Engineer: 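Got a structure here, written out as structure tokens. Questions coming.
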Amino acid sequence: MNPFDYRRAEDADSAVAAVAGRPAAAFLGGGTNLVDHMKLGIANPELLVDVTRLPLGGVEPLEDGGVRVGAGVRNSDLAADPLIRERYPVLSQALLSGASGQLRNLATTGGNLLQRTRCVYFQDVTTPCNKREPGSGCSAIGGWNRYHAVLGASDQCVAVHPSDMAVALCALDAVVRVQGPGGHRGIPLVDFHRLPGEEPDRDTVLEHGELITSIDLPELPMAARSKYRKVRDRASYAFALVSVAAALDVAGGRVREARIAFGGLAHKPWRATRAEEALRGEPATARAFGAAADAELADARPLPGNGFKVPMARSALVSTLTELAGEDA
Amino acid sequence: MTELLRPRAMGSDVARLEGWAKVTGTAPYAYEHPVDNPAHAHALQASIARGRITGIDTAAARELPGVLAVLTHENAPALASTEDGELAILQSGEVHYRGQLIGAVIAENPEIARHAAALVRVDYEQAGHDAEFSAERDDLHTPEQVNPAFATDTAQGDLEAAFESAPVRVDATYTTPMEHNNPMEPHTTVAVRGDGGLTLHDSTQGAHTVRQVVAKLFGLDRERVRVVSPHVGGGFGSKGLPHSHVVLAVMAAGLLEGRPVKLALTRQQMFSLTGHRTPTVQRIRLGADRDGRLTAIAHDVIEQSSKVKIFAEQSAEPSRHMYAAGNRRTTHRLALLDVPVPSWMRAPGECPGMFAGEVAMDELAVACGLDPVELRLRNEPETDPESGKPFSSRNLVACLREGVRRFGWQDRDPEPGVRREDGWLVGTGVASAVYPANVFPGSAAAIRRTADGYQVRIGAADIGTGTWTALSQIAADALGVGLEEIDLRIGDTELPHATVAGGSSGLSSWGSAVVDAAAAFREKFGTDPSVGDEADGTVPDNPDRKRYEMKAFGAQFAEVRVREDTGEVRVPRMLGVFAAGRIVNPRTARSQFVGGMTMGISMALHEQSVLDPRFGHVVNHDFAEYHVATNADVHRIDVHWLDEHDPHVNPVGTKGIGEIGIVGAAAAVANAAYHATGLRVRELPITPDRFLG
């Protein structure tokens with residue numbers, strides 16, 4: 001681990017100024033990912049600005065019917081929050097399916113969004129990786145890519161985003177509120193993470209020095225019936241092979257609206273807009289759910305090691321929607 | 001063999017004597033031993049799989065405040081013995097596998113050492129390497145013997161003819177992946193040099209083994225080397241023999257003129273430096289008559305080894321003893337590769353070999369239309385099928401029958417893929433287990449009368465297994481006194497010589513020496529000795545070892561659920577029934593069996609070291625990516641043992657229980673997964689994708 005400076009931020013303004021003013025500075029939340037990366041030589045910040053004491057720890061209802069989640073709220077607390085459990089169960093379930101109890105106690109909402117990929121080659125500085133060292137090559141292509149992307153990848157990078165929470169937020173149309181040197185802005189979560197394209201080293205659209213202050217969940221009554229289904233190699237403490245976040249609004253046996261996002265398939269949480277389109281007005285049957293999944297997965301380009309993800313994602317979606325439709329009936 | 005030791009303390013459910021010290025953090029593990037003014041080393045590893053170092057630039061590391069020295073092949077001492085290719089490190093710039101030790105940075109604290117290690121620049125002349133394991137290679141090597149000293153190949157009768165003419169045949173190939181032991185406590189060594197001598201606080205399964213190896217490597221008088229190791233946080237074989245980091249720690253301490261050096265490997269480093277279980281490709285051929293009576297058994301194994309040191313796992317060995325058949329053949333071949341050095345991992349040989357053999361038996365049961373338990377009963381041999389010797393005791397049949405009763409196997413519908421519950425396919429499976437009842441010669445024990453009782457001294461190891469407690473119980477019964485009168489001393493080469501805690505031999509070997517010492521003590525001093533009276537003993541020669549085959553047996557039963565939509569696999573319950581001689585301490589024994597079966601579930605469903613042949617190293621080298629079973633993967637595990645009285649194995653009557661719990665467990669799970677789904681998975685681990693089109 002490189003030597004580094006540490007500063008505890010007193011308020012958001014000074015935190016942003018401190019990081020913005022130094023190219024190799026970073027915010028420190030729970031540190032569950034960043035500190036690992038520092039030990040492994042993947043991240044070498046010269047300055048860490050600790051933002052865990054900032055007043056960003058609340059979960060509050062908004063006047064427009066939504067809920068604001070402070071960026072400093074710990075994953076365990078967010079998962080257990082009554083407002084979240086009642087209005088957005090998919091989010092609570094997604095959080096509880098991630099990491100371990102110990103990690104969730106430390107990890108923050110803002111930090112969770114900024115988790116970096118668990119691609120083994122990214123995590124090993126002795127192997128080439130375009131995400132870690134642009135231009136060095138992608139070792140996962142032609143290597144071990146069981147966990148890698150089947151949608152939206154590029155020939156530069158086939159990594160996937162590891163967060164469960166972000167998949168639920170993606171389905172819920174959450175908005176990420178950030179404060180930067182130039183002021184405040186809101187970024188829809190679906191636009192927050194990037195596909196790798198030619199710049200796989202950039203995970204998000206955040207600019208250097210921008211601090212996540214909260215995540216706003218819009219009012220979404222249909223989300224009261226929502227589910228997160230995570231498929232993984234072991235029963236806990238494993239990243240998703242495939243995951244599905246879904247909410248379903250069914251009336252008279254027909255789908256009025258669906259909200260669907262996939263995890264484990266792409267470089268970002270994958271909002272399944274084609275599947276949502278395909279379902280609108282259709283009968284709430286396994287057959288229609290399957291057709292919707294097929295519409296979304298038509299562009300899937302599996303790697304030699306992960307072809308199973310396509311049927312797995314299809315099955316997980318059909319099962320999840322079928323369960324939700326059953327609850328609705 | 002004469003009468004077995006009469007149990008009084010033995011058989012009672014004594015809690016671990018060192019348990020309180022462990023849970024309060026006062027039991028010192030190797031790295032925690034307080035030493036005066038320690039320096040800390042961080043290992044440097046090769047980043048190529050084969051070639052030669054042409055230059056090491058250590059300037060930036062050495063200039064860092066707090067760095068004391070940098071050890072490389074340029075300033076390392078010449079070793080007195082270089083015949084062990086794994087241990088002969090830093091003798092040249094040659095690189096034999098990726099991750100090989102090429103030096104160390106020694107600094108005031110571990111953080112500085114690790115940072116400085118990242119500043120060392122190494123130039124290589126890279127040579128082409130070969131790290132791709134495959135059974136299709138045309139350059140497979142025939143080892144001289146397989147671990148530890150078994151014949152490489154065996155043959156009896158006319159296998160080919162018997163197999164070809166058998167009315168029912170199974171011919172299938174099974175694969176198991178490379179795996180890593182991953183004990184909780186990483187490998188650590190504290191080296192203290194001074195006055196021409198050397199003290200090591202080492203995380204090891206055998207202090208005396210470490211002393212012997214280190215003394216030879218460094219040309220030191222054995223008496224000048226002391227190894228201390230009272231508590232060890234697991235080993236599973238990876239600490240059975242010293243690995244190269246021990247050599248590195250000793251060399252590092254040599255650079256500092258008397259200052260102790262502490263070295264801990266990181267979890268990632270363990271994946272290239274502390275041994276691994278070889279991947280296997282195993283072809284099994286079983287020929288039987290229509291009643292399921294075997295006429296032919298062939299077990300042909302292909303494994304990998306490093307080129308720098310050959311280790312051949314005895315995976316076909318169990319097939320030499322399990323079932324009767326007149327025509328037999330077992331073989332072992334190796335792909336010699338530029339990869340890290342394989343070694344022992346819990347039940348080497350029996351564990352991967354019985355996966356293949358016991359899944360093949362399940363396939364034969366299906367082919368014969370027989371219940372898999374009944375198939376095994378029909379093939380129970382009268383004597384050892386290959387040597388012809390009688391078994392000292394063999395209670396496989398009793399284990400299977402007891403398991404049938406306890407597991408509720410009687411009403412099992414053999415039809416696969418038909419039981420559904422809430423979206424899960426449900427099935428059950430069975431497999432046999434076997435493990436040799438080893439006693440290793442060479443251990444010695446000394447017993448001395450003290451004011452409070454008896455001090456019992458032997459350089460044995462407790463690797464979390466319960467030796468402190470169980471060996472004290474044996475000593476109490478051997479002396480005919482209460483457990484509270486025993487003051488056991490283990491884990492130090494200052495104590496009489498003891499063999500390794502490996503091959504499930506520990507309690508049987510050390511217990512034999514303790515019983516011998518106690519008999520000598522009583523003979524010399526009677527029942528009213530004086531303080532200071534002392535006698536010693538060794539492991540007596542046991543002529544029965546030549547007359548009998550000595551093995552523990554067991555039967556594993558598993559229930560498996562496979563999710564219909566996504567293929568996720570769960571093991572809601574397992575039962576293991578074992579016949580493993582006398583059980584000295586039911587509490588610690590139960591832990592051992594449950595631990596073995598847990599590791600068996602882990603092997604069945606999760607464990608897999610992924611070696612990327614382009615680079616030559618294991619790429620999933622941490623606990624996020626190398627999966628071991630978590631609490632959520634392990635549900636109900638029931639353990640039962642038969643009250644087995646074997647007067648031949650050793651004076652204590654123990655057969656060893658450290659390994660048999662894992663043997664057959666993965667096969668039982670795999671067989672249950674077949675019964676659940678109708679899909680036969682012959683490749684470990686059994687991951688969800690195996691069940692998706």
Side-chain angles (χ1 to χ4, degrees), chain A residues 1-4 33 36 38-41 44 97 99-101 103 118-128 139-140 142-147 162 229-239 241-244 286 305-320 322-323, chain B residues 45-48 64-66 98-99 110-112 114-115 117-119 266 268 423 563-571 601-602 605-608 610-635 685-693:
Chain A
M1 189 185 280
N2 279 316
F4 60 93
N33 197 209
D36 269 1
M38 291 167 68
K39 288 182 182 172
L40 295 172
N44 299 295
S97 73
S100 64
L103 287 165
R118 294 291 172 152
C119 173
V120 294
Y121 303 100
F122 171 76
Q123 300 229 107
D124 182 344
V125 295
T126 70
T127 56
S139 299
W144 189 52
N145 46 41
R146 169 176 170 76
Y147 286 93
R229 170 82 186 273
K230 181 174 181 178
V231 184
R232 45 184 156 177
D233 279 329
R234 63 179 169 189
S236 77
Y237 194 42
F239 294 97
L241 293 165
V242 162
S243 69
V244 174
N306 68 5
F308 66 89
K309 282 192 173 187
V310 178
M312 187 179 273
R314 185 186 195 279
S315 294
L317 179 61
V318 171
S319 293
T320 306
T322 303
E323 283 173 38
Chain B
Q45 295 178 277
S47 62
I48 62 166
L64 202 68
R98 191 176 172 113
E111 291 79 13
I112 295 173
R114 187 166 182 169
H115 175 47
L119 301 178
T266 65
Q268 286 92 346
R563 193 135 174 180
E564 277 189 274
D565 55 357
T566 51
E568 288 153 283
V569 190
R570 300 285 182 269
V571 183
I601 292 175
S602 196
L605 304 186
H606 308 303
E607 295 194 39
Q608 178 176 27
V610 179
L611 189 133
D612 188 327
R614 299 169 305 168
F615 303 109
H617 73 303
V618 172
V619 293
N620 60 335
H621 51 192
D622 60 38
F623 274 169
E625 310 299 336
Y626 182 94
H627 288 173
V628 297
T630 65
N631 285 350
D633 296 293
V634 181
H635 297 260
I686 305 168
T687 46
D689 49 288
R690 311 273 191 209
F691 301 101
L692 297 179

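Chain A is the first sequence line, chain B the second, and so forth, proteins listed ahead of strands; every chain is numbered from 1. Small disclaimer: the values here were computed from a predicted structure and weren't measured.
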Engineer: Could you give the distance from CG (D233(A)) to CG (D689(B)), rounded to the nearest 0.5 Å?
Structural biologist: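 So the CG of D233(A) and the CG of D689(B) are separated by 7.0 Å.
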
Engineer: How long is the straight-line distance from CZ of R118(A) back to CG of D622(B), given to the nearest 0.5 Å?
Structural biologist: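 Rounded to the nearest 0.5 Å, the CG-CZ separation comes out at 8.0 Å.
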
Engineer: With only heavy atoms counted, which part of E564(B) is less than 4.5 Å from chain A, the side chain, the backbone, both or neither?
Structural biologist: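 Neither part.
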
Engineer: Please step through side chain to side chain contact (heavy atoms under 4.5 Å, CB included) for the pair F239(A) and E625(B), ending with a clear verdict.
Structural biologist: CA-CA 9 Å; F239(A) 294 97; E625(B) 310 299 336; 4.2 Å; yes

Engineer: What part of S139(A) gets closer than 4.5 Å to chain B, counting heavy atoms only: side chain, backbone, both or neither?
Structural biologist: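 The answer is both parts of S139(A).
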
Engineer: Closest approach of R614(B) and G143(A), non-hydrogen atoms and distance?
Structural biologist: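 Heavy atoms only, the tightest pair is NH2-CA, 3.2 Å.
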
Engineer: Against chain A, label N631(B) side chain, backbone, both or neither, depending on which of its atoms sit under 4.5 Å from a heavy atom there.
Structural biologist: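 Contact with chain A is absent: no heavy atom of N631(B) under 4.5 Å.
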
Engineer: Considering only heavy atoms and a distance below 4.5 Å, find which of V242(A), L241(A), T127(A) pairs most often with chain B.
Structural biologist: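 Of V242(A), L241(A), T127(A), T127(A) has the most heavy-atom pairs under 4.5 Å with chain B.
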
Engineer: Search all heavy atoms of S315(A) against all heavy atoms of T566(B) and return the closest pair with its distance.
Structural biologist: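 It is CB-CG2, 4.3 Å.
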
Engineer: Considering only heavy atoms, which portion of V628(B) lies under 4.5 Å from any heavy atom of chain A: side chain, backbone, both, or neither?
Structural biologist: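 Backbone plus side chain of V628(B), per the 4.5 Å heavy-atom cut-off to chain A.
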
Engineer: What closest approach, in Å, do V120(A) and N620(B) show between heavy atoms, and which atom pair accounts for it?
Structural biologist: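 Distance-wise, the nearest heavy atoms are CG1-CA, 4.1 Å.
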
Engineer: Looking only at non-hydrogen atoms, find the nearest pair between P688(B) and M312(A) and report the distance.
Structural biologist: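 Minimum heavy-atom separation between P688(B) and M312(A): CB-CE, 3.8 Å.
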
Engineer: Would S319(A) and R563(B) count as having a side-chain donor-acceptor pair, cut-off 3.5 Å?
Structural biologist: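 Distance-only check fails for S319(A) and R563(B).
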
Engineer: Which atoms of K39(A) are under 4.5 Å from chain B, going by heavy atoms: the side chain, the backbone, both sets, or neither?
Structural biologist: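 It is both, since atoms from each part get that close.
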
Engineer: When you compare the side chain of Q45(B) with that of T126(A), does any pair of heavy atoms fall below 4.5 Å?
Structural biologist: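 Of all side-chain heavy-atom pairs linking Q45(B) with T126(A), none is under 4.5 Å.
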
Engineer: Can you sort out the partners of S236(A) under side-chain hydrogen bond (donor to acceptor under 3.5 Å, both in side chains), two or more places apart, ordered by chain and number?
Structural biologist: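 For S236(A) the side-chain hydrogen bond (donor to acceptor under 3.5 Å, both in side chains) partners, ignoring immediate neighbours, are T630(B).
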
Engineer: Heavy-atom pairs under 4.5 Å with chain A are the metric here; pick the option from V619(B), V569(B), I112(B), T687(B) that has the most.
Structural biologist: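 Going by pairs under 4.5 Å, I would pick V619(B).
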
Engineer: I would like to know whether D612(B) and Y121(A) meet side chain to side chain contact (heavy atoms under 4.5 Å, CB included); could you show each step before the answer?
Structural biologist: CA-CA 10 Å; D612(B) 188 327; Y121(A) 303 100; 2.6 Å; yes

Engineer: Please look at H606(B) and chain A and tell me whether the side chain, the backbone, both or neither of the residue comes under 4.5 angstrom of a heavy atom of that chain.
Structural biologist: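 Just its side chain gets close to chain A.
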
Engineer: Considering the options R229(A), R234(A), K230(A), which one meets the salt bridge (charged side-chain N to carboxylate O under 4.0 Å, His left out) requirement together with E568(B)?
Structural biologist: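 The residue from R229(A), R234(A), K230(A) that satisfies salt bridge (charged side-chain N to carboxylate O under 4.0 Å, His left out) with E568(B) turns out to be R229(A).
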
Engineer: Sequence neighbours left out, what passes side-chain contact (heavy atoms from CB on, under 4.5 Å) with Q608(B)? Give chain and number order.
Structural biologist: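 Applying side-chain contact (heavy atoms from CB on, under 4.5 Å) to Q608(B) gives P177(B), V610(B), P685(B).
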
Engineer: Take L40(A) and Q268(B) through the test side chain to side chain contact (heavy atoms under 4.5 Å, CB included) and record every step on the way to the result.
Structural biologist: CA-CA 10 Å; L40(A) 295 172; Q268(B) 286 92 346; 3.4 Å; yes

Engineer: Give, for atom CG of L317(A) and atom CG of D565(B), the distance between the pair rounded to the nearest 0.5 Å.
Structural biologist: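 Here the rounded value is 11.0 Å.
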
Engineer: Could you tell me which of P3(A), G41(A), S100(A) has the largest number of non-hydrogen atom pairs under 4.5 Å with chain B?
Structural biologist: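 The candidate making the most pairs under 4.5 Å is P3(A).
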
